[in-house]
Every structure is written in structure tokens, then in C-alpha cells.
Peer 1: 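First the structure, then my questions, so here it is.
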2 protein chains.
Amino acid sequence: MLSKKTKYGIKALTYLAKQENKTPVQIATISNSENISLKFLESILLTLRKNGILGSKKGKGGGYYLLKEPSEIPMTSIMRILEGPISMVPCVSLNFYEKCSDCPDENACAVHNLMLEVRDSTLQIFRNTSLADLCKC
Amino acid sequence: MLSKKTKYGIKALTYLAKQENKTPVQIATISNSENISLKFLESILLTLRKNGILGSKKGKGGGYYLLKEPSEIPMTSIMRILEGPISMVPCVSLNFYEKCSDCPDENACAVHNLMLEVRDSTLQIFRNTSLADLCKC
DNA sequence: AATTACCCTACTTAATTAATAGGGTATGCA
DNA sequence: TGCATACCCTATTAATTAAGTAGGGTAATT
């Protein structure tokens, strides 16, 4: 299941991507518009800033803004930052690989091979979708 | 993330599907062979029996066995029984649909539409994969 | 009748999620 | 300089779920 953190994060990013100009948007503005708990959203945006997706400006007139063009931000980045691994099992993860403690042979594991297929198809979607595509809804 | 419950369940089903004859297999046998906690596996197999995937026989020489041919058991069934919804958000689920509490308009929701795509591609894999396919590894 | 092996309920521990609370700090403007 | 704005950071908490563990009950077979 997708966490609320990721869901809210995507909604906030979409909100920012829809802004015409690139002036910073306050957390409270996004929070109100998207029905997201302010404090929770604060921590999500902070994570996105620390991971190079957002920039921020303090003081009056401050807020958050996108560092890149929406079309230059793939969903793979956003998902990995907010949700973590894209794969359903660590043993098929590209960025978060871990060996299974049970399971002597990965290549002979039915679960492994099935989940590899699922990861590939999901990854293809996320790679081919940018933040700009999400705004077309 | 895939739960251990589902992972173990798939492994156990694969084990049963690989049996030449259809004589019941004891829980302990599967537990030893696949490195699964016996008591945990017990509850998983019970779930599969209650959902029409497995049959069981009590007493000496008893155990669990598949009720259908492996090729007749699609991964969609197994996943829904063990893991629950295939989709990452309830609002795109076919069998476990729930409306989002935030989100006034589903069709205008970026998360919704993205996750719809992901669900479709995942579903396609699960629909086209049967237990028999898993045994080919 | 005894053994085998499934059946069922309840409990526990750990981890994660989704917040909530409360204050700290940098920035810009008057 | 000083004040308001708005980001920054840490800690705590309640609820839920995952992953087992414990212990006994019951049905079927030999």
C-alpha cells in the first residue's frame, strides 16, 4: 500500500508544478488546498528538499519551490525518496537490494522471478512518467 | 512490500504444485523444506484452505493438497487471498475499493491516475501467470 | 485406543505509520 | 534594530500491522 506520506508528497509536488511562476509557495497554502495536515506536510516537504527536489526560502514571502522543470522530474525519483523501494521484495530491488535470509538460490525462487516481472513493468511506468505528466489530469 | 505471509504462501503452493502425485503433504514437511516457521505456515495454509485453494486431510497420512490443477490457479487469486488488494491505493482497487477521504474528484487526482496505470500492468502479469508457471523456475 | 496431524484462539513483540506538540532559527522589511 | 513570517528540527504518541509464539482441541486413520 502507498503510504499517506507518498500520496501527500505527490499531491504537493503536483500543486507546485501547476504554479505559473516560480515564486515560493507556503506550506500552509498547500496544506489547505490539498487537505493535508500542516505539520505532516512540513516533514514531507523537508524530505523532498533534502533530496534535491525542492528548494526553500525562509522569511516573509518564503516557501517551497521546484528546483527543476516538472518534465525533468521522473516518478522514479519521487517514489524512491518518499516510498522507498519500488519492488515488492528486497531481493529484486535495484536501489535497495538485500538478499533473502531464507531462499538459498534467487534464480530458482518462484517469488523472486514473479516479483522481478512486476518490478520491471512498474518501473517502466514510473520512468516514463514525469511530474509534468501528472499535471495533465 | 510483500508480506512474509504471502511469500511463504506462494512458496508452499509452489512446493505442493511440484508434487508428482496428489497425496497430502504434511505442514512440517513444507516447513522444513522451505525454511518457514511451522506455526506461521499452519495459519497460512489454513487461510488458503478456507479460500478454496487447498484441501486437507486429517489423521495419519494427512496433510494439505491442491484442489485444482496448478495451471488453473491464477496469481490474482493467490495474491488477493494472502496479500489483499493488488492496487497501491484503495481508490483504484477492483475488489477492495474505498473512496479517499481527502480528494474531492478521483478523475482529477494525479495519484489516482498514476496508480491506475500501475495496477493495470501488475494485474496483467498476475492474470497471465498461474501457479504452474511459477514452477518452471 | 493411540497416534497423527490438522484446527482454532489468544497473546506478544517489534516495527511502521501518521500524525501532534513545541520550540528554534534564518530571512526580509519597516 | 526589531519584529513578524515561515521554514527547520526533535521528541512523543496512538493506532495499526506484521510476524510470529503458545497451547490446547478435534477429527481421522491405523
Side-chain angles (χ1 to χ4, degrees), chain A residues 1-12 16 23-32 34-51 53-67 81-85 88-90 96 98 100-102, chain B residues 1-12 16 23-32 34-51 53-67 81-85 88-90 96 98 100-103 111:
Chain A
M1 278 288 154
L2 198 75
S3 67
K4 300 254 171 161
K5 183 180 166 189
T6 305
K7 188 183 173 189
Y8 293 162
I10 294 174
K11 284 193 166 191
L16 289 172
T23 50
V25 179
Q26 299 168 34
I27 300 176
T29 307
I30 305 175
S31 160
N32 284 326
E34 301 293 325
N35 293 309
I36 306 169
S37 146
L38 189 130
K39 281 293 193 176
F40 192 23
L41 180 60
E42 207 176 306
S43 75
I44 295 167
L45 297 183
L46 200 59
T47 303
L48 290 167
R49 186 188 62 88
K50 285 182 178 167
N51 283 279
I53 303 290
L54 295 178
S56 67
K57 203 183 158 193
K58 290 183 181 179
K60 194 169 187 178
Y64 282 99
Y65 53 90
L66 292 173
L67 284 175
I81 291 167
L82 295 174
E83 191 74 6
M88 295 182 83
V89 280
F96 300 83
E98 266 177 63
C100 294
S101 55
D102 52 318
Chain B
M1 278 286 154
L2 197 75
S3 67
K4 302 255 172 165
K5 183 181 166 189
T6 304
K7 188 182 173 189
Y8 293 162
I10 294 174
K11 284 193 167 193
L16 288 172
T23 51
V25 180
Q26 297 169 33
I27 300 176
T29 307
I30 305 175
S31 160
N32 285 326
E34 301 292 325
N35 293 309
I36 305 169
S37 148
L38 189 129
K39 279 293 193 177
F40 193 23
L41 180 59
E42 208 177 303
S43 75
I44 296 167
L45 297 184
L46 200 59
T47 304
L48 290 167
R49 186 187 62 88
K50 285 182 180 167
N51 283 279
I53 302 291
L54 295 178
S56 67
K57 203 183 158 193
K58 291 184 181 178
K60 194 169 187 179
Y64 282 99
Y65 53 92
L66 292 174
L67 284 176
I81 291 168
L82 296 173
E83 191 74 7
M88 296 182 82
V89 280
F96 301 83
E98 265 177 63
C100 294
S101 55
D102 53 318
C103 207
V111 178

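Because the structure is predicted, anything quoted here is derived from the model rather than measured. Values below: all heavy atoms of this structure, side chains included; hydrogens, waters and symmetry mates excluded. Letters go in sequence order (proteins before strands), and every chain restarts at 1.
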Peer 1: Can you tell me the distance, in whole Å, between the CD atom of A/Glu42 and the C1' atom of C/dG23?
Peer 2: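 Result: 11 Å.
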Peer 1: Is B/Tyr64 close enough to C/dC7 that one of its side-chain N or O atoms is under 4.0 Å from OP1 or OP2 there?
Peer 2: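 So the side chain of B/Tyr64 is within the cut-off, an N or O lying under 4.0 Å from OP1 or OP2 of C/dC7.
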Peer 1: With a 4.0 Å cut-off on heavy atoms, is A/Lys50 in touch with a base, just the backbone sugar-phosphate, or nothing at all?
Peer 2: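 Sugar-phosphate, backbone atoms only, no base.
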Peer 1: By side chain to side chain donor-acceptor pair (under 3.5 Å), which residues pair with A/Thr6, not counting sequence neighbours?
Peer 2: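 Once residues adjacent in sequence are excluded, the partners of A/Thr6 under the side chain to side chain donor-acceptor pair (under 3.5 Å) criterion are A/Ser3, A/Glu83.
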Peer 1: Can you tell me how far CD of B/Gln26 sits from NZ of B/Lys57, rounded to the nearest 0.5 angstrom?
Peer 2: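 With rounding to 0.5 Å, NZ (B/Lys57) is 11.5 Å from CD (B/Gln26).
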Peer 1: If you round to the nearest 0.5 Å, how far is CD of A/Glu34 from NZ of A/Lys7?
Peer 2: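 It is 10.5 Å, given to the nearest 0.5 Å.
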Peer 1: Considering just the side-chain nitrogens and oxygens of B/Arg49, establish if one lies under 4.0 Å of OP1 or OP2 belonging to C/dC8.
Peer 2: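 Answer is yes, contact under 4.0 Å.
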Peer 1: Mind listing the side-chain donor-acceptor pairs of residues 38-46 of chain A below 3.5 Å, one per line with the distance, residues two or more places apart or on another chain?
Peer 2:
residue	atom	partner	partner atom	Å
A/Ser43	OG	A/Phe40	O	2.8

Peer 1: Show the distances under 3.5 angstrom between N or O atoms of the protein and N or O atoms of nucleotides 16-20 of chain C.
Peer 2:
residue	atom	partner	partner atom	Å
C/dA18	OP1	A/Lys4	N	3.1
C/dA18	OP2	A/Lys4	N	3.0
C/dA19	OP2	A/Tyr8	OH	3.1

Peer 1: Treating primed atoms plus P, OP1 and OP2 as sugar-phosphate and everything else as base, which nucleotides of nucleotides 25-30 of chain C get B, S or - for protein heavy atoms under 4.0 Å?
Peer 2: -SBS--
Peer 1: Can you check the B/Tyr65 OH to C/dA5 C1' distance for me, whole Å?
Peer 2: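 These atoms are roughly 14 Å apart.
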Peer 1: For A/Tyr65 and A/Pro24, work out which heavy atoms get closest and say how close.
Peer 2: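 Where A/Tyr65 meets A/Pro24 most closely, the heavy atoms are CD2-CG, 4.0 Å.
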Peer 1: Can you tell me the distance, in whole Å, between the CG atom of A/Leu41 and the P atom of D/dC8?
Peer 2: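 Rounding to the nearest Å, CG of A/Leu41 and P of D/dC8 are 12 Å apart.
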Peer 1: In Å and rounded to the nearest 0.5 Å, what is the CD1 to CG distance from B/Ile30 to B/Leu16?
Peer 2: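 B/Ile30 atom CD1 to B/Leu16 atom CG measures 4.0 Å (nearest 0.5 Å).
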Peer 1: For B/Ser31 and B/Ser37, work out which heavy atoms get closest and say how close.
Peer 2: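 That closest heavy-atom pairing would be OG-C, 4.3 Å.
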Peer 1: Going from CG on A/Leu54 to CG on A/Leu66, what distance comes out if it is rounded to the nearest 0.5 angstrom?
Peer 2: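 One gets 6.0 Å once the value is rounded to the nearest 0.5 Å.
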Peer 1: Using a heavy-atom cut-off of under 4.0 Å over every strand shown, decide if A/Ile27 touches base, sugar-phosphate, or nothing.
Peer 2: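 A/Ile27: backbone/sugar contact only, no base atoms under 4.0 Å.
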Peer 1: Could you measure the distance from the CD1 atom of A/Ile81 to the OG1 atom of A/Thr47? Nearest 0.5 Å is fine.
Peer 2: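 Here the interatomic distance stands at 9.0 Å.
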Peer 1: What is the distance, to the nearest angstrom, from the CD atom on B/Gln26 to the P atom on D/dT29?
Peer 2: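 The distance from CD of B/Gln26 to P of D/dT29 comes to 14 Å, rounded to the nearest Å.
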Peer 1: What is the distance from CD1 of A/Ile44 to C1' of D/dC7, rounded to the nearest Å?
Peer 2: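 Taking atom C1' of D/dC7 as the reference, CD1 of A/Ile44 is at 15 Å.
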Peer 1: Apply side chain to side chain donor-acceptor pair (under 3.5 Å) to A/Thr29 and list each qualifying residue two or more places apart in sequence or on a separate chain.
Peer 2: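 In terms of side chain to side chain donor-acceptor pair (under 3.5 Å), with neighbours along the sequence ignored, A/Thr29 is linked to no residue.
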Peer 1: Take the protein atom CG of B/Leu48 and the nucleotide atom P of C/dC6, then report the distance between them rounded to whole Å.
Peer 2: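 B/Leu48 atom CG is separated from C/dC6 atom P by 14 Å.
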Peer 1: Taking atom CG of A/Leu48 and atom CG of A/Leu82, what is their separation to the nearest 0.5 Å?
Peer 2: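 The distance works out to 4.5 Å.
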Peer 1: Determine which bases of DNA chain C form Watson-Crick or G-U wobble pairs with both distances under 3.5 Å, and write the result as a 5' to 3' dot-bracket string with | for other-strand partners.
Peer 2: ||||||||||||||||||||||||||||||
